[in-house]
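Scroll down for the structure; my scribbles are underneath it.
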Number of protein chains: 2
Amino acid sequence: MPKTRTKSKFREYLLTQGLKSTQQRELILEEFLRAGSHLSTEDLYLRLRKKNPRIGYATVHRTLKLFAECGIAEQRHFGDGQARYEASDQGEHHDHLICVTCGRIVEFEDPRIEQLQDEVAAEHGFSIERHRLELYGSCSSCRQA
Amino acid sequence: MPKTRTKSKFREYLLTQGLKSTQQRELILEEFLRAGSHLSTEDLYLRLRKKNPRIGYATVHRTLKLFAECGIAEQRHFGDGQARYEASDQGEHHDHLICVTCGRIVEFEDPRIEQLQDEVAAEHGFSIERHRLELYGSCSSCRQA
DNA sequence: CTGCTATTGATAATCATTTTCATGGAATGG
DNA sequence: CCATTCCATGAAAATGATTATCAATAGCAG
Ligand SMILES: [Mn+2]
Ligand SMILES: [Mn+2]
Ligand SMILES: [Zn+2]
Ligand SMILES: [Zn+2]
């Protein structure tokens, strides 16, 4: 959760994998942590270009995948055709409410739902390794307008 | 649910929309209903080519979208990058268990989960218009192997 | 420093999906 | 039955997101 901790986790990952710590990777991680969650590769790329116009899209893309491999970020898909990333909260899990009008995303976690998912899976002989729950609708401000 | 009913619903839709009933559309619907559920455009296209090699991919694609518009089919995305379609059970809803090893898909519906989703949404001031719940894991046969 | 190797970024390749457009076919009204 | 109109079709190209390629560059171990 603290940015410093995330950064050291990433540097450690690079070390153990024989990868190099570079200016770009530092910059991308810095901006990724500064920016709000659920941003697409393009979102982050555009933000980064303002600070360093020499950064390449491919590098941003590869670095975000690295973040995911390393466990400091998670990839999401909300049905608009592009991958989004968010910083991961160390083993914590949450699902999403998405406003189809304004795009607002609210995170939630409901242990009762998680429990029922396990039950359902067990009834069908499945063991779950991950799941995906997204609720699409309109947020209160969009309904008033 | 009965195929004849689905077919007449489609023909009726074509009529009311000023669209034409064609050999291809009849053929595609026939094969769509015959084939198992959750097939991709390509899956259906390949099946159709065996019977009529002159059919075009674009036509299959457009016709599947027509089915969805008309309400006789629903589009799904299970994270493998391609859209899948299944015949819709008239207002009935279900979610999916997906085996990440063999690709098997099991359908389920749990009113308790649906209920909790509504509660969670209400707590955050959202009104849900649709949702998506997918449980990924391994089925019993894949775990034994 | 030097040299080895990973990384970078411009560009091209992929892959599913969607569009384009010339041709063919379905329906309607003589 | 014919003509006309307009929709549908299918081959091919366009799109958009993602991923691969490759020559030039930059970490880093020695
Ligand atoms: Mn989130
Ligand atoms: Mn299904
Ligand atoms: Zn909203
Ligand atoms: Zn399986």
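Every chain is numbered from 1, with letters handed out A, B, ... down the list of sequences. Nothing here was measured: the structure is a model prediction, and the numbers come from that model.
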Query raised in the report: Tell me, for nucleotides 17-30 of chain C in 5' to 3' order, what letter each nucleotide earns: B for a base near a protein heavy atom under 4.0 Å, S for only sugar-phosphate near one, - for neither?
Result: BBBB----BBS---
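- Nucleotides of DNA chain D that come within less than 4.0 Å of any heavy atom of chain B span, from the 5' end to the 3' end, D:dC6 to D:dA11.
- Here the C1' atom of nucleotide C:dA10 and the CZ atom of A:R54 are 10 Å apart, to the nearest Å.
- The main-chain N or O of A:H77 is found under 3.5 Å from a side-chain atom of A:R132 such that the two form a donor-acceptor pair.
- Scored by the ring pair (Phe, Tyr, Trp, His ring centres under 6.0 Å) test, A:H61 finds no partners at all (sequence neighbours excluded).
- Under the 30°/60° scheme for interplanar angles, the aromatic rings of B:H94 and B:H38 are found to stand perpendicular.
- Side-chain N/O atoms of A:R25 include one lying less than 4.0 angstrom from OP1 or OP2 on C:dT7.
- Judged purely by distance below 3.5 Å, without hydrogens or angles, the side chains of A:H96 and A:E134 never pair a donor atom with an acceptor atom.
- By the 4.0 Å N-to-carboxylate-O rule, A:E30 lies too far from A:K3 to be salt-bridged with it.
- Under 3.5 Å, the side chains of B:E114 and B:H93 contain a donor-acceptor pair of N or O atoms.
- B:Y136 contributes a side-chain N or O that, together with a main-chain N or O of B:F78, makes up a donor-acceptor pair within less than 3.5 Å.
- Atom CG of A:L15 is separated from atom P of C:dT5 by 18 Å (rounded to the nearest Å).
- Under 3.5 Å, the side chains of B:E69 and B:Y13 contain a donor-acceptor pair of N or O atoms.
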